[in-house]
Structure formats: C-alpha cells, structure tokens
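Below is one structure, written out as structure tokens; the observations come after it.
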Number of protein chains: 2
Amino acid sequence: MQKLIDYIEQFVKLDRESIEAIESLAEIEIYKKNLLILKPGERCNKIWFIKKGMVRKYHLHDGEEITSWIHTENETCTSLQSYAQNTPSEEYLQTYEDSELISITKDNSEKLAEFPKIVAFVNAMMGREFANIDKHTKALNQRDAKGRYEYLREIAPEILKRAKIGHIASIIGVSRETVSRIRKA
Amino acid sequence: MQKLIDYIEQFVKLDRESIEAIESLAEIEIYKKNLLILKPGERCNKIWFIKKGMVRKYHLHDGEEITSWIHTENETCTSLQSYAQNTPSEEYLQTYEDSELISITKDNSEKLAEFPKIVAFVNAMMGREFANIDKHTKALNQRDAKGRYEYLREIAPEILKRAKIGHIASIIGVSRETVSRIRKA
DNA sequence: GTTTTCTTTTGATGTAGGTCACAAAATTAT
DNA sequence: ATAATTTTGTGACCTACATCAAAAGAAAAC
C-alpha cells in the first residue's frame with residue numbers, strides 16, 4: 001500500500017487521517033496474466049493502481065484488437081470514459097503479466113471526498129491524465145512511423161521493453177511489420 | 001447569459017441561487033475575428049462559453065500551424081492542459097469569426113464551488129470533454145482520409161460548413177489537397 | 001470596380017508504409 | 001526434450017496520400 005501512498009504524495013502531501021482512510025478503503029487484487037479485468041458493456045467503477053505488472057487497454061474495430069495503451073507499475077488505470085461519465089465501457093482492460101493491483105471503487109472514493117487532500121489529489125491526477133492524452137494525441141499525429149516509435153521510447157520505454165511488437169505497433173498506429181523494420185534499422 | 005444557463009442545465013438542474021451566482025461572476029467578452037485570446041506561454045485561467053462565433057485552437061509544429069479543433073456556438077472552450085494543470089499554454093486560441101464569449105475565471109469558478117450544483121456541472125463537463133477527446137482520437141486513427149472527413153461531418157458539421165479547407169484538413173490530419181479531392185468526389 | 005491577396009482546385013509525380021506470404025525464432029504445452 | 005503454437009522478421013508488391021507547381025476562383029483592400 002505504501003507505493004500507492006507514495007504515488008498520491010507526488011500530487012499532494014497527505015495527512016495521517018487521509019492515509020488511514022485510504023488504507024481502509026483500498027483493496028488489493030492479485031491476477032494472473034491475460035485476465036480481463038474490465039469488458040465492454042460493464043460499468044467501470046474503479047480506479048486501479050498498478051503495484052506490480054502491466055495492464056493493457058484495448059478495443060475492437062472491425063473484429064480487430066486496437067491497443068490504445070499499456071500501463072505499467074506505479075501508474076493508475078481505469079476506463080476513463082466509463083468511469084467519468086458513468087456509461088458502459090467500450091474497452092477491455094486486461095492484465096498483461098501476473099499483476100498486483102490496488103483498487104479504489106468510486107463509492108469509496110466518494111467517501112474519501114470528505115478529505116480535502118484526497119479531492120485535491122483526484123483533481124490533480126485527472127488533470128494530468130487529461131493533459132497527457134492531449135499531448136500524446138498531438139505528438140503522434142505529427143510524426144511519421146519512426147518518429148512515433150521514438151516518441152514512445154521517450155515517454156514510455158517500459159512498453160517498448162516488455163510489450164509484444166504487435167501491441168506496440170497498434171499503440172502508435174502503424175503495422176507490425178513496420179515496427180519490425182524500424183527496429184532493424 | 002441565458003444560453004450559458006441552458007448549456008449548464010444540460011448537465012444539472014440549477015437552483016435559483018446558483019443561477020444568480022453564475023450571472024454575477026461570468027463576464028461577457030466581444031471580439032472581432034482573428035483575434036488571439038490566448039497565446040503560448042500565457043496561463044489559461046478561464047473557461048469560455050461561445051454565445052456567438054467560433055474559436056480556433058492551434059499550435060505550431062516546425063513553424064507550421066496545426067489546428068486541433070474549432071469550437072462553435074453553445075460550446076465551452078479552454079486550453080485544457082494549461083487550465084487543468086496550471087501550466088503555461090502551448091497553444092493559441094483565436095476567434096474565427098466576430099464572436100461573443102462568456103468567460104468564467106478559475107478564481108470565480110472556485111468561488112462558485114460552494115454551490116454543489118455547479119461543482120457537479122464542472123465535473124460532468126470535464127468528464128464529457130475527456131470522453132470526447134478519447135473518442136475522437138480513436139475514431140480518427142482508425143479511418144482513412146475519406147473516413148476521417150465523414151467522421152468530422154457526423155460529429156461537427158458546423159466546422160465543415162464554416163471553416164477553411166486548410167484548417168479542416170489540419171484537424172483530420174490530411175493535406176489540404178486531399179480534402180479538396182474528397183469534396184469533389 | 002480594379003487590383004492585390006488569400007484560398008481552393010487540379011494535374012503530375014514520388015514515397016512511406018500497408019498488405020500478403022512465408023521463413024525463422026521464441027514461447028508454451030505435453 | 002519434443003511438438004505445437006505464437007510471435008517476429010524479411011522480401012515483393014501496391015496504393016493512399018503527400019508534395020510540388022501552377023491555374024482558377026473568392027475575398028479583401030484600395
């Protein structure tokens with residue numbers, strides 16, 4: 001649980017009460033790899049913090065899997081669209097390796113809302129997520145295949161090290177073969 | 001101001017006090033076309049609601065203007081990254097036609113935070129913005145030039161009617177010439 | 001209303017990267 | 001270990017779209 005506290009403290013310094021509240025309401029979840037922790041149609045009512053492992057986010061388009069991101073240790077993940085809007089998810093969340101996650105349900109995070117520090121954290125985290133999506137979108141659109149690959153190396157080297165080439169290709173929107181050729185060069 | 005109230009009431013029903021609070025803190029801004037209302041380096045401390053006109057959002061890449069979106073009547077606009085993270089903006093906001101905007105500064109929106117209805121609105125609006133960005137990104141990445149153009153027609157027909165072809169091309173990430181050819185066909 | 005400037009159209013040409021097909025390599029299962 | 005399966009690499013080919021250039025059209029300025 002300490003890792004989650006450390007993560008939150010990147011955003012705001014927590015007081016004793018806030019830490020205790022988080023510890024009592026967060027839950028630990030252990031999963032084997034390739035397990036679907038969220039499916040389309042389900043409402044996503046949790047935010048997960050990844051203590052160990054990776055979680056892949058993907059959706060289907062014309063029967064084909066499109067990987068939008070792979071989250072690694074010390075990051076949070078959720079289906080933003082489903083969580084923020086309270087609508088059925090359109091995407092899958094799947095463990096990519098054997099993983100240990102810490103989850104906080106939306107109900108519990110509403111209970112935590114009486115702690116101002118925690119509200120400040122959630123806002124800051126959401127703000128950062130927001131800004132990141134915006135940044136990535138722009139960055140990827142402006143680059144060619146090589147440039148996209150290199151951008152991914154800059155901002156998420158872990159993905160390049162640990163993900164399959166096909167998933168990497170999907171994230172940056174090029175074909176598997178092209179990523180293979182970029183690597184060779 | 002009524003249009004802003006109507007807009008907010010899409011998200012939450014407002015009580016009398018909330019309406020009065022909004023009316024006393026929101027400001028009306030009148031601009032001629034092509035005026036820069038936000039420049040890179042400035043901190044964006046406002047959310048604008050567009051009562052009349054259009055606002056183009058763009059940034060520079062290798063000296064070239066990349067248009068990321070054009071907002072039309074009855075929409076809000078802001079530099080999300082700058083506003084949410086309180087960092088200097090990396091983008092320009094420019095009126096695209098003579099416009100009437102209603103602005104609420106961040107300071108004032110914090111004053112409005114004592115009204116729970118208004119907090120609920122801000123959260124809902126941010127959630128929707130978030131979900132939209134996410135949706136657009138995915139939608140555009142999966143389509144070819146024609147498909148992207150048609151997607152834009154579905155979700156923002158006003159842009160196709162009123163924006164210059166070069167800006168439309170930039171939004172969907174294809175060349176001006178290609179959009180011209182798509183239109184001809 | 002004419003000139004100047006900005007925007008769009010159209011044609012010709014080049015190329016980045018997609019698709020297909022199969023071989024090599026690496027994982028996983030038995 | 002060996003076999004079965006999944007993943008990655010490589011070559012050949014092709015097409016969607018970028019880029020360049022120049023004309024036509026529209027809007028703004030005088």
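The sequence lines fix the lettering, A, B, ..., with proteins before strands; numbering per chain opens at 1.
- Pairs passing the salt bridge (Lys or Arg N to Asp or Glu O under 4.0 Å) check and including a residue from residues 1-21 of chain A, sequence neighbours excluded, read A/Glu9-A/Lys13, A/Arg16-A/Glu20.
- For residues 138-160 of chain B, proximity to DNA chain C is found at no residue, defined as any non-hydrogen atom under 4.0 angstrom from a strand atom.
- Listed by chain and number, the residues in a side chain to side chain donor-acceptor pair (under 3.5 Å) with B/Ser175 are B/Thr178 (sequence neighbours excluded).
- Side-chain contact between A/Leu101 and A/Ser99: present, with at least one pair of heavy atoms (C-beta onward) separated by less than 4.5 Å.
- Checked by atom type, the side-chain pair B/Thr67/B/Arg56 shows a donor-acceptor distance below 3.5 Å.
- With sequence neighbours excluded, the residues forming a side chain to side chain donor-acceptor pair (under 3.5 Å) with A/Glu158 are A/Lys161, A/Arg162, listed by chain and number.
- Donor-acceptor pairing under 3.5 Å is recorded for the side chains of A/Thr72 and A/Glu75.
- Contact footprint of chain A on DNA chain D: nucleotides with an atom under 4.0 Å from a non-hydrogen protein atom, first to last in 5' to 3' order, D/dT7 to D/dA12.
- Rounded to whole Å, the distance from CD1 on A/Ile182 to P on C/dA16 is 12 Å.
- The CG atom of B/Asp98 lies 6.0 Å from the NZ atom of B/Lys52; values are rounded to the nearest 0.5 Å.
- Residue pairs meeting the salt bridge (Lys or Arg N to Asp or Glu O under 4.0 Å) criterion with at least one member in residues 105-127 of chain A, sequence neighbours excluded, do not occur.
- Residue contacts for B/Arg181: at a heavy-atom cut-off of 4.0 Å it reaches a base atom on one of the strands shown.
- An end-to-end axis angle of 60° holds for the helix from C/dG1-D/dC30 to C/dT30-D/dA1, taken from five base pairs per end and rounded to 10°.
- Every ring-ring contact (aromatic ring centres under 6.0 Å, His included) that A/Phe121 has, sequence neighbours left out, goes to A/Phe11.
- Using a 30° and 60° split on the angle between ring planes, A/Trp69 and A/His136 fall in the parallel class, below 30°.
- Side-chain contact annotation: B/Gln142 with A/His61, donor-acceptor N/O pair under 3.5 Å present.
- Side-chain polar atoms of A/Ser170 and A/Glu65 form no donor-acceptor pair below 3.5 angstrom.
- Remark: B/Ile66 CD1 to A/Lys138 NZ distance equals 10.5 Å, nearest 0.5 Å.
- Contacts classified as ring-ring contact (aromatic ring centres under 6.0 Å, His included) and involving residues 33-55 of chain A (residues at least two apart or in different chains) are given here: A/Tyr7-A/Phe49.
- For residues 161-179 of chain B, proximity to DNA chain C is found at B/Lys164, B/Ile165, B/Gly166, B/Arg176, B/Glu177, defined as any non-hydrogen atom under 4.0 angstrom from a strand atom.
- Residue pairs that meet the ring-ring contact (aromatic ring centres under 6.0 Å, His included) test with at least one member in residues 88-110 of chain B, sequence neighbours left out, are B/Tyr58-B/Tyr92, B/Tyr96-B/His167.
- Taking a 4.0 Å limit (strictly below) on heavy-atom distances, residues 61-71 of chain B does not reach DNA chain C anywhere.
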